[in-house]
There are 2 protein chains.
Amino acid sequence: MVKTVSTQMLSSEELGQRLDEHGILPTQQRLQLADVLFSAHRHLSADQVLSEATARGYSVSKATVYNTLGLFARKGLIREVIVDPNRVFYDPNTGPHHHFYNLDTGELIDLDPERLSIDSLPPLPAGTVAEGVDVIIRVRNQ
Amino acid sequence: MVKTVSTQMLSSEELGQRLDEHGILPTQQRLQLADVLFSAHRHLSADQVLSEATARGYSVSKATVYNTLGLFARKGLIREVIVDPNRVFYDPNTGPHHHFYNLDTGELIDLDPERLSIDSLPPLPAGTVAEGVDVIIRVRNQ
DNA sequence: GTCAGTGCAAACCCTTTGCAGAAAG
DNA sequence: CTTTCTGCAAAGGGTTTGCACTGAC
């Protein structure tokens, strides 16, 4: 069973089910924020999520955006991407893949997983277990 | 030139030369901060650099630490490592290598470059050039 | 003397928190 | 009705900035 992640707008039932699957109570604001995150197949910062939500006429506060994004990330619904000391990006794609980060535009772009994958991890420091691997290719224009 | 009682591993002449090579005017504070950075083979945050400098009896202000670390990084003397949204780490090793980041301890550990290297970059987004590649393996204790 | 570097405190910006009111079950 | 969520504003914490002072050449 191959499930492809669609980039089109998801119905609120689908969104609600997705929240349920991750143990997240689907309130109105959470559904709206999930809608923003999953319909844009882009990487958004908290601020951008708030702007986008506001632009769509959703009524959400800044605190709720931050709290909700943190919750979604903790529950595994989305992934935090740390590439810029000034802001955290949120990636609706939780599958294994890496990123280009454009230092000039601040844009974060998915890297085709087939193009670069770390297949064998090196020995980890004693007493630790791997939690995740991030590869960031920093690029500049021209 | 008066020698101060310190634990520095590089002579101030060596440090001064290193700053010169990177086009950095070697002032007293810059030499002291370079001393802290290069004698500790660790990854330090700005705050840790300040603490360490103070502990050694160096007289540097917080603003100068931040300005100087930024300058060193811009000039290629040290490398910024972005792994934690709450602080930037500075790595005196500018050679190609990657990192383990311990989420429990906040510790950043060098990964032996022979253990993991990205030898062929995937095609970059159109109109961009690679600036650097960061691989972060996030680990937890136990 | 001139220009760059430094120190201090205040400003900044993103993010988190405290708490009262609203909503979900 | 009880518990959880939301919104507002204020606090928090790392980093940057404005400006006067100091130091290097």
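Given the structure is predicted, the values throughout are model-derived calculations rather than measurements.
Between B:T64 and C:dT6 there is no side-chain N or O to OP1 or OP2 distance below 4.0 Å. For B:Y66, no side-chain nitrogen or oxygen approaches OP1 or OP2 of D:dT16 to under 4.0 Å. Taking 4.0 angstrom as the limit, A:Q29 places none of its side-chain polar atoms (N or O) nearer than this to OP1 or OP2 of C:dA23. For C:dT15, neither phosphate oxygen OP1 nor OP2 lies less than 4.0 angstrom from any side-chain nitrogen or oxygen of A:R87.
To the nearest angstrom, P of D:dG23 lies 15 Å from CZ of B:R30. Look at CG on A:L44: it is 15 Å from P on C:dC14, rounded to the nearest Å. We find that CD1 of A:I24 is positioned 16 Å from C1' of C:dA24, with the value rounded to whole Å. In this structure, B:L50 places its CG atom 16 Å from P of D:dG13, rounding to the nearest Å. Between B:D47 atom CG and D:dT15 atom C1' there is a gap of 11 Å when expressed in whole angstrom units. With rounding to whole Å, B:L31 atom CG is found 16 Å from D:dG23 atom P. A:Y90 places its OH atom 10 Å from the C1' atom of C:dC14, with the value rounded to the nearest Å.
Comment: B:R87 does not engage B:D47 in a salt bridge, judged by the lack of any side-chain N to carboxylate O separation of less than 4.0 angstrom.
Distances were taken from every side-chain heavy atom of A:A46 (C-beta onward) to each of C:dG5, C:dT15, D:dG7; the shortest belongs to C:dT15. Nearest to the side chain of A:L25, among C:dA4, D:dC8, D:dC5, sits D:dC5. When distances are taken from the side chain of A:T27 to each of C:dT16, C:dC8, D:dT6, the shortest belongs to D:dT6.
Along DNA chain C, the nucleotide nearest B:P85 and the nucleotide nearest B:V60 are compared for position; the residue whose nucleotide lies closer to the 5' end is B:V60. When each of B:K62 and B:Q28 is assigned the nucleotide of DNA chain D bearing its nearest heavy atom, the one mapping closer to the 5' terminus is B:K62.
Side-chain contact, A:Y58 with A:D35: a donor N or O sits under 3.5 Å from an acceptor N or O. Judged purely by distance below 3.5 Å, without hydrogens or angles, the side chains of B:D110 and B:H99 pair a donor atom with an acceptor atom. Between the side chains of B:H97 and B:D91, at least one donor N or O sits under 3.5 Å from an acceptor N or O. For the residue pair A:R56 / A:S39, a side-chain donor-acceptor distance below 3.5 Å is found, with atom types taken as modelled.
Residues from residues 67-83 of chain B that place a heavy atom under 4.0 Å from any atom of DNA chain C: there are none.
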- Message: Please determine whether side-chain hydrogen bond (donor to acceptor under 3.5 Å, both in side chains) holds for the pair B:S51 and B:T54, giving the CA-CA distance in whole Å, both sets of side-chain angles, and the decisive distance to 0.1 Å.
- Response: CA-CA 5 Å; B:S51 302; B:T54 304; over 6 Å; no
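Chaining together hydrophobic side chains whose heavy atoms lie under 4.5 Å apart leaves B:V129 on its own.
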